[in-house]
S.K.: 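This structure is in structure tokens; I'll ask about it shortly.
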There are 2 protein chains.
Amino acid sequence: MTKKIKIEKDTSTEAKIKDAARKVFMQKGFAAARTRDIAEESGINLALLNYYFRSKEKLFHEVMSEKIQQFFGVLFPIINNSSTKLETKIDLIVANYIDMLSENPDLPLFVLNEMKGKRGQINKTLPIEKITKNVSLVQQLQKRRPDINPVHFLMNILGMTVFPFIARPAFGAIGILNKSDFETVIEERRKLIPVWIKAALKAK
Amino acid sequence: MTKKIKIEKDTSTEAKIKDAARKVFMQKGFAAARTRDIAEESGINLALLNYYFRSKEKLFHEVMSEKIQQFFGVLFPIINNSSTKLETKIDLIVANYIDMLSENPDLPLFVLNEMKGKRGQINKTLPIEKITKNVSLVQQLQKRRPDINPVHFLMNILGMTVFPFIARPAFGAIGILNKSDFETVIEERRKLIPVWIKAALKAK
DNA sequence: AAATGATTTAATCAAATGATTAAATTTTAA
DNA sequence: TTAAAATTTAATCATTTGATTAAATCATTT
């Protein structure tokens with residue numbers, strides 16, 4: 001049993017495996033993804049994968065860390081910036097999520113799905129930033145609408161912005177959206193969602 | 001190879017297997033669910049499962065049919081009812097989804113996730129009702145806001161209503177929602193979402 | 001060039017898993 | 001009550017799948 005500890009460097013092979021892992025895991029999820037799929041996708045031998053990453057779980061964990069940061073990374077810099085006003089934050093959250101999700105449409109379903117199954121593990125393993133009362137956005141929302149829990153507006157912004165990407169296959173099946181329409185609709189939403197959110201902020 | 005065609009009747013054993021299948025598939029998804037899990041959960045022998053349902057796929061398909069109908073079944077009776085006005089439809093969609101999802105919080109993630117992976121199969125196998133231009137809700141939306149694609153409002157209503165259930169673990173991890181808060185927030189949304197949607201309808 | 005260490009491969013293992021079979025038991029019908 | 005059919009079980013297959021191993025090849029250093 002020769003155990004050689006590999007110090008991670010950005011070698012070509014290791015990167016190829018990780019690229020393939022990203023693709024396969026994102027497409028199929030952890031359970032349905034086979035290490036052989038990943039090996040084939042990256043054009044390397046199956047043993048290499050275990051040589052570099054020790055196990056499917058470890059490889060998955062690395063991908064998952066990236067993806068969680070990618071998903072939440074959009075949000076935190078914006079909501080923590082105390083030098084922008086509420087309206088600007090709304091515009092930025094929507095615009096940045098639409099930009100990012102247009103490039104990674106599978107991301108939200110992947111992240112939210114895997115977070116559900118392994119709630120115990122992931123929340124402890126991955127250091128996820130927390131939203132507290134003194135986050136700038138929360139304070140601004142509380143000041144604007146002291147009568148409404150700020151979490152509602154977060155749910156609204158994310159719901160309106162992220163949900164279409166999650167439900168895209170459903171919207172397709174239901175007959176409302178063919179492939180090219182989707183992109184058009186999403187681009188329209190970039191301007192519309194902030195308008196609606198601001199209207200909701202005023203609504204009594 | 002003795003093939004006995006079983007005519008489905010609501011026997012106790014068959015129902016027990018299906019109950020267990022619902023539970024396990026919903027909790028783990030198709031790929032991560034093992035037929036042994038289902039057998040154990042239903043208190044029967046593994047062979048029984050194959051005796052009654054022939055295969056994991058067949059059993060899954062039956063559960064999936066149910067769940068798709070459960071998920072979309074809330075929507076169609078409401079949006080097709082041409083004797084209710086727009087505002088009523090909004091209230092009903094939100095209220096009925098919140099009722100249903102409070103009892104089945106895992107449903108949306110399950111359905112949307114499985115619809116994505118097997119888009120080809122499911123959309124052809126399961127007869128999903130289609131939303132067309134002459135659906136009552138669509139006509140009402142088009143009349144009220146001819147400048148906006150009706151699909152936007154559908155995305156908004158469902159996004160605001162369904163997304164919180166999909167993202168619940170994420171909201172937990174992010175530190176904004178402990179278990180009991182969630183139910184409180186959802187109940188608040190029952191009244192708030194219609195207010196916000198109606199405000200958005202008027203927003204220019 | 002030789003030696004050492006890193007990388008890659010083919011072959012194989014062991015466990016997990018979907019499915020089947022043959023026999024036993026229970027239920028139903030005559 | 002008995003014969004036939006339906007139900008249930010234990011045991012077993014065959015395949016899939018994550019992982020390992022031992023050997024081969026390649027790269028780097030001396």
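Sequence lines set the chain letters: A, B, ... in the order given, protein chains first and strands last, and positions in each chain run from 1.
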S.K.: B:Lys56 NZ to C:dT20 P: how many Å, rounded?
M.R.: 15 Å
S.K.: One thing to verify: whether A:Arg144 and A:Glu87 come together as a salt bridge, which I'm taking to mean a side-chain N less than 4.0 angstrom from a carboxylate O.
M.R.: yes
S.K.: Rounded to the nearest angstrom, tell me the gap between atom CG in A:Asn50 and atom C1' in C:dC13.
M.R.: 13 Å
S.K.: Give the rounded distance in Å between these two atoms: CZ of B:Phe53 and P of C:dA19.
M.R.: 13 Å
S.K.: Is there a donor-acceptor contact under 3.5 Å from the side chain of A:Asn104 to the main chain of A:Met100?
M.R.: yes
S.K.: Give the rounded distance in Å between these two atoms: CG of A:Leu49 and P of D:dT20.
M.R.: 11 Å
S.K.: Considering only heavy atoms, which members of residues 22-40 of chain B lie under 4.0 Å from some atom of DNA chain C?
M.R.: B:Ala33, B:Arg34, B:Thr35, B:Arg36
S.K.: Who pairs with B:Ser55 by side-chain contact (heavy atoms from CB on, under 4.5 Å), at least two apart in sequence or on another chain?
M.R.: B:Glu57, B:Lys58
S.K.: When you compare the side chains of B:Asn156 and A:Arg189, does any donor N or O come within less than 3.5 Å of an acceptor on the partner?
M.R.: yes
S.K.: Cationic tip of B:Arg145 within the cone over B:Phe153's six-membered ring, i.e. under 6.0 Å and within 45° of the normal?
M.R.: no
S.K.: Send over the distance from B:Ile17 CD1 to C:dA19 P, rounded to a whole Å.
M.R.: 13 Å
S.K.: Answer yes or no on whether B:Lys56 is positioned over the face of B:Phe25, meaning its NZ or CZ is under 6.0 Å from the six-membered ring centre and within 45° of the axis.
M.R.: no
S.K.: Set out, line by line, the N/O atom pairs under 3.5 Å between protein and nucleotides 8-10 of chain D.
M.R.:
{"unit_1": "D:dT8", "atom_1": "OP1", "unit_2": "B:Thr13", "atom_2": "OG1", "d": "2.9"}
{"unit_1": "D:dT8", "atom_1": "OP2", "unit_2": "B:Thr13", "atom_2": "OG1", "d": "3.0"}
{"unit_1": "D:dT8", "atom_1": "OP2", "unit_2": "B:Tyr52", "atom_2": "OH", "d": "3.0"}
{"unit_1": "D:dT9", "atom_1": "OP2", "unit_2": "B:Asn45", "atom_2": "N", "d": "3.3"}
{"unit_1": "D:dA10", "atom_1": "OP2", "unit_2": "B:Asn45", "atom_2": "ND2", "d": "3.4"}

S.K.: I need the CG-C1' distance between A:Leu59 and D:dT17, as an integer number of Å.
M.R.: 15 Å
S.K.: Need the pair for C:dA16. Rule: Watson-Crick or G-U wobble, both distances under 3.5 Å, any strand; none if unpaired.
M.R.: D:dT15
S.K.: Ignoring hydrogens and angles, tell me if any N or O in the side chain of A:Lys89 forms a donor-acceptor pair with the backbone of A:Thr84 under 3.5 Å.
M.R.: yes
S.K.: Rounded to the nearest 0.5 Å, what separates atom CG in B:Leu192 from atom CD1 in A:Ile148?
M.R.: 5.0 Å
S.K.: Shortest non-hydrogen contact from B:Leu112 to A:Leu109?
M.R.: O-CD2, 3.9 Å
S.K.: Could you state the NE2-C1' distance from A:His61 to D:dG18, rounded to the nearest angstrom?
M.R.: 19 Å
